[in-house]
Amino acid sequence: MKHLKISAVLQQPDLVGQTVEVKGWVRSRRGNKHVQFVALNDGSTIKNLQIVFDMSKFTDDDMKQITTGSSLRVTGELAASQGKGQTCEVQAAEFEVYGTADPADYPLQKKGHTLEFLREKAHLRPRTNTFSAVLRVRSAMAFAIHKFFQERGFVYLHTPLITASDCEGAGAMFQVTTLPLDKLPRTEEGKIDYALDFFGKPTALTVSGQLEGELGATALGEIYTFGPTFRAEKSNTPRHLSEFWMIEPEMAFYDIADNMDLAEEFLKYCIQYALDNCKDDLEFLAEHYDKDLISRLEFVLHNDFVRLSYTDGVKILEESGRKFEFPVHWGTDLQSEHERYLVEEHFKKPVILTDYPKEIKAFYMKQNEDGKTVRAMDVLFPKIGEIIGGSEREADYDKLKQRIDELGIPMKDMWWYLDTRKYGTVPHSGFGLGFERLLLFVTGMANIRDVIPFPRYPKNAEF
Ligand code: ATP
Ligand code: MN
């Protein structure tokens, strides 16, 4: 007999009366000398399966090893349950303990550990209700993202993780080298001799797959990437990780309006998918962390995103009379407090802010006629601030080249990128969604370190 997942057992009322085999980890055991109840969980659902031990068939010695955290195989008849909050339970006939968990030192004894405590126990926290729920939602969201793009004919493009171009400018990079750091080879001028390094030149982990994504889009039409990115920024915030996953669609023949339409449709699709497929987990997270979670998700689904220029956004902020920690005026980069004011207090809806000053945006964004702004778009969400950053790309060779020169970006690094504008250039657009920012929104968790299994942030690379 092959064992059944607990999620399958709980979903099939016709199994009642039959013998089933289940395997999992003990969440708790309680009872008396006549009957004992074990809550078993195998990670397939937030719900535990109750196992009933009739103590006329088992001894106290049998039961001693069944403690919180131990692992079990149980067979027995599935019976309809009288208990509150469950439809069925297993009447244990026979069981086997795979591994014990000594109550004296198993760290997840009691319910209700703080998230900070669990971050220190990230090797075991997937066994908690909270993290198993978050990780199931994370998995479902990853699938939803592929489903969305594959259904629309986008090609999944794998862009490199090790890169020699430092021109994206999206964030500080982690250097990749095999040179001996304690005795670096030097050139005659005393500089580090990268010719002797593994790739023969300086390399780093990528901060974004966008530039290569554009190479894909200008050949395959519509592509998306979905992979890890790395930023060595010292920002110890609840919204930044040093290693995070990014989704970067890039589309030929899209202008910025098409790009905004896609971003809005995409976010709504992911949220709808979560509501349709992760209901039990979302309800658990709502109950324990964020009472307004479900209504906030539905609110975003049922409202059009506001579309507004940066210039108009700054005007609203200036006229708000609000005292911000960072003063705001035309030309400043918006901080999360500004973004959240627009979204949560002024419009009370997600906002797509467009046409930012060119000085605060990347070189590749399409320049507007006014000579001052570029066709950037940031999608701003309640509780999160920026969730997506994107733009229509500059398709004109001369304008792009001029911007690269103005900013002093070395041409030797950029020749291949400029070739897309030299040969058969097309209008095109794209954006980047931080996967963990989406998960913050969908799960209602407050700290980005709690929506990735093993977070990396300054001074932390445990597990
Ligand atoms: P922020 O201003 O919040 O640092 P950014 O402008 O650096 O964001 P982009 O370079 O546009 O962000 O990256 C695209 C998306 O990647 C962002 O909209 C965000 O969702 C996500 N993102 C950026 N940096 C991080 C990070 N350190 N950790 C997690 N997600 C991030
Ligand atoms: Mn950043």
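Whatever order the structure lists ligands and atoms in, that order sets their numbers, starting from 1. Atom set for the values below is all heavy atoms of this structure, side chains included, hydrogens, waters and symmetry mates excluded.
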Next on the checklist: Arg231 vs Phe244, test: side-chain contact (heavy atoms from CB on, under 4.5 Å). Steps then yes/no.
Outcome noted: CA-CA 8 Å; Arg231 295 190 185 180; Phe244 65 99; 3.7 Å; yes
Item to check | Check against side-chain contact (heavy atoms from CB on, under 4.5 Å), Asn129 and Arg27 | outcome: CA-CA 10 Å; Asn129 284 333; Arg27 284 292 167 78; 2.6 Å; yes
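Evaluated by nearest non-hydrogen atom to atom 9 (P) of ligand 1, the leading choice among Arg231, Arg456, Glu248, Gln210 is Arg231. Across the listed options Phe244, Tyr457, Phe431, Trp245, Phe244 owns the non-hydrogen atom lying nearest to atom 29 (C) of ligand 1.
Only the side chain of Glu233 comes within 4.0 Å of ligand 1, counting heavy atoms alone; its backbone N, CA, C and O stay farther away. At a heavy-atom cutoff of 4.0 Å, ligand 1 is contacted by the backbone of Ile387 but not by its side chain. Heavy atoms of His240 found under 4.0 angstrom from ligand 1 belong to the backbone as well as the side chain.
Those atoms of ligand 1 with a heavy atom of Arg239 less than 4.0 angstrom away are 3 (O), 28 (N), 29 (C). The Met246 neighbourhood of ligand 1 comprises atoms 14 (C), 15 (C), 16 (O), with distances under 4.0 Å to a heavy atom of that residue. Atoms of ligand 1 lying under 4.0 Å from at least one heavy atom of Ile388, given by number and element, are 18 (O). Here is the list of ligand 1 atoms found below 4.0 Å of a heavy atom in Ile448: 29 (C).
Backbone and side-chain nitrogen or oxygen atoms of Leu241 are examined, and one is located within less than 3.5 angstrom of a nitrogen or oxygen of ligand 1.
Phe154 and Tyr254 have perpendicular rings, their planes meeting at more than 60° on a 0 to 90° scale where under 30° would count as parallel. Using cut-offs of 30° and 60° on the angle between ring planes, the pair Phe435 and Phe226 is perpendicular.
Contacts of Lys268 classified as side-chain hydrogen bond (donor to acceptor under 3.5 Å, both in side chains), with partners at least two apart in sequence or in another chain: Glu264.
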Can you give each donor-acceptor pair under 3.5 Å made by side-chain atoms of residues 445-454, sequence neighbours left out, with the distance rounded to 0.1 Å?
{"residue": "Asn447", "atom": "OD1", "partner": "Arg449", "partner atom": "N", "Å": "2.9"}
{"residue": "Arg449", "atom": "NH2", "partner": "Asn236", "partner atom": "OD1", "Å": "2.7"}
{"residue": "Asp450", "atom": "OD1", "partner": "Arg119", "partner atom": "NE", "Å": "2.9"}
{"residue": "Asp450", "atom": "OD1", "partner": "Arg125", "partner atom": "NH1", "Å": "3.3"}
{"residue": "Asp450", "atom": "OD2", "partner": "Arg119", "partner atom": "NH2", "Å": "2.8"}

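The cationic group of Lys121 lies under 6.0 Å from the six-membered ring centre of Phe117 and within 45° of the ring axis, placing it in a cation-pi geometry. Taking the ring centre of Phe441 as origin, the terminal cationic atom of Arg437 falls outside the region bounded by 6.0 Å and 45° from the ring axis.
Using a 4.0 angstrom heavy-atom cutoff, Glu436 does not count as in contact with ligand 1.
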